[in-house]
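Structure, as structure tokens:
Both ligands and their constituent atoms are indexed starting at 1 by order of listing. As the structure is a prediction and not an experimental result, all values here were calculated from the model.
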Amino acid sequence: MSYSYFGRLEDGREVDAYTLVNDLGMEVTILTYGGIIQSMIVPTGSGRRQVVLGYACLDDYEVNPSYLGATIGRSAGRIAKGLLTIDEKSYRLHEENKPLLHGGPYGFHQQLMEARFVDIPFGQQLRLYFVAKEQMDGFPGDVEIEIIYQLLRDENALKVTYRGFSAEKTYLNMTNHCYFNLSQDGRTSVGAHSMLINADRYAPIDELSIPKPWAPVENTPMDFRKLKRIDQTLESLDEQIKRANGIDHPFALERCENVHGLVLGATLLSPDQRIRLMVYTTQQHIVVYSGNFLDAGEVPSGQRFQKNQGICFETQEKPNLVNEHPDRCFWTMPGSPYHEEIKYVFHSF
Ligand code: FUC
């Protein structure tokens, strides 16, 4: 493990970058700002590959229009009208009557976190802590957040654990917004990658990108139950693909017998088939986003990405379930803390 100074926020607070390493040569760099995964380097038979998109400086992350590598909270995805109702009490999370995206302007992607490094027998851990304040983001109740990044010693795998403790009933739905690109040059479109999504159902989205009820993937371009090239779907004239400018949809993960354990959510295979990523999760749903607007938005350094240069596997509870089916949501409350995991596993040769 090593750490270094990464930069200073506009208000003067210092941000550090921690790099976890394992015995096989995998390296993951995480910032204390937003718990951002800034770099993930995976060994292959012929060298090492950067597999995520990132910026080189803090100024860019303070803008970060596409949420590169960031922790998303309190609520991943969009909450319709920015309105949350808990036990008949309504919380307006947004002044305007529009969807609240990724926790809003005081989302977790912008929080400075306290870091602790822990070396354990089967890997290295970085533990990040902060308190999400009700008075900041408008969600009810202060929540103590802990994020644990664990790079396994003898497997090219990163496990991310999200924990939240609140003294009040509240809503928490966290994920990570890494954009993966497994190609050798890191630029080849995700269209040239192949993907599998372990889902029989997906949710079409409305004009405001709010998910509608589940629908079968069968006979739609969203059928990724078998590994297939992503551009087959990106090039489709399907109305849902046109609406989102690509894939930006929730999928309902098929559970195996051990419903509380990790299940395989999705698999991504590099164009040269040398690296395979497998995303496991404890979560019920996953939003797959094919980087449809990565070319939009500017950052101070001028660094740019192309449309579809990366793909996100945002394991989470279906966005807006709080309004669609509050009875099916997980509510964080005293005695019932939030606890979810994602495990990114790489196989390479
Ligand atoms: C994903 C998408 C959103 C948005 C954002 C940057 O989570 O679901 O539509 O564009 O990323």
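Applying the 4.0 Å criterion to heavy atoms of His102 picks out, from ligand 1, the atoms 1 (C), 5 (C), 7 (O), 11 (O). Atoms of ligand 1 lying under 4.0 Å from at least one heavy atom of Glu314, given by number and element, are 1 (C), 7 (O).
Regarding atom 6 (C) of ligand 1, its nearest protein heavy-atom neighbour is Tyr67 CD1, 3.8 Å. Ranking the protein heavy atoms by distance from atom 11 (O) of ligand 1 puts His177 NE2, 2.9 Å first. In terms of protein heavy-atom proximity, atom 4 (C) of ligand 1 is nearest to Arg78 NH2, 3.8 Å.
Between Tyr67 and Tyr61, the distance separating the two ring centers is not shorter than 6.0 angstrom. With ring centers used as reference points, Tyr344 lies under 6.0 Å from Phe180. Between His177 and Tyr179, a ring centre-to-centre spacing shorter than 6.0 Å is recorded.
At least one N or O atom of Asp248 sits closer than 3.5 Å to an N or O atom of ligand 1. Not one N or O of Tyr179 is nearer than 3.5 Å to an N or O of ligand 1, by distance alone.
Considering all non-hydrogen atoms of both residues, Val160 and Ile147 come closest at CG1-CG2, 4.0 Å.
Note on ligand 1: Phe293 sits outside its first shell, no heavy atom being nearer than 4.0 Å.
The cationic atom of Lys228 (NZ for Lys, CZ for Arg) lies less than 6.0 Å from the six-membered ring centre of Phe224 and within 45° of the ring axis.
Remark: Cys329 SG to Glu324 CD distance equals 9.0 Å, nearest 0.5 Å.
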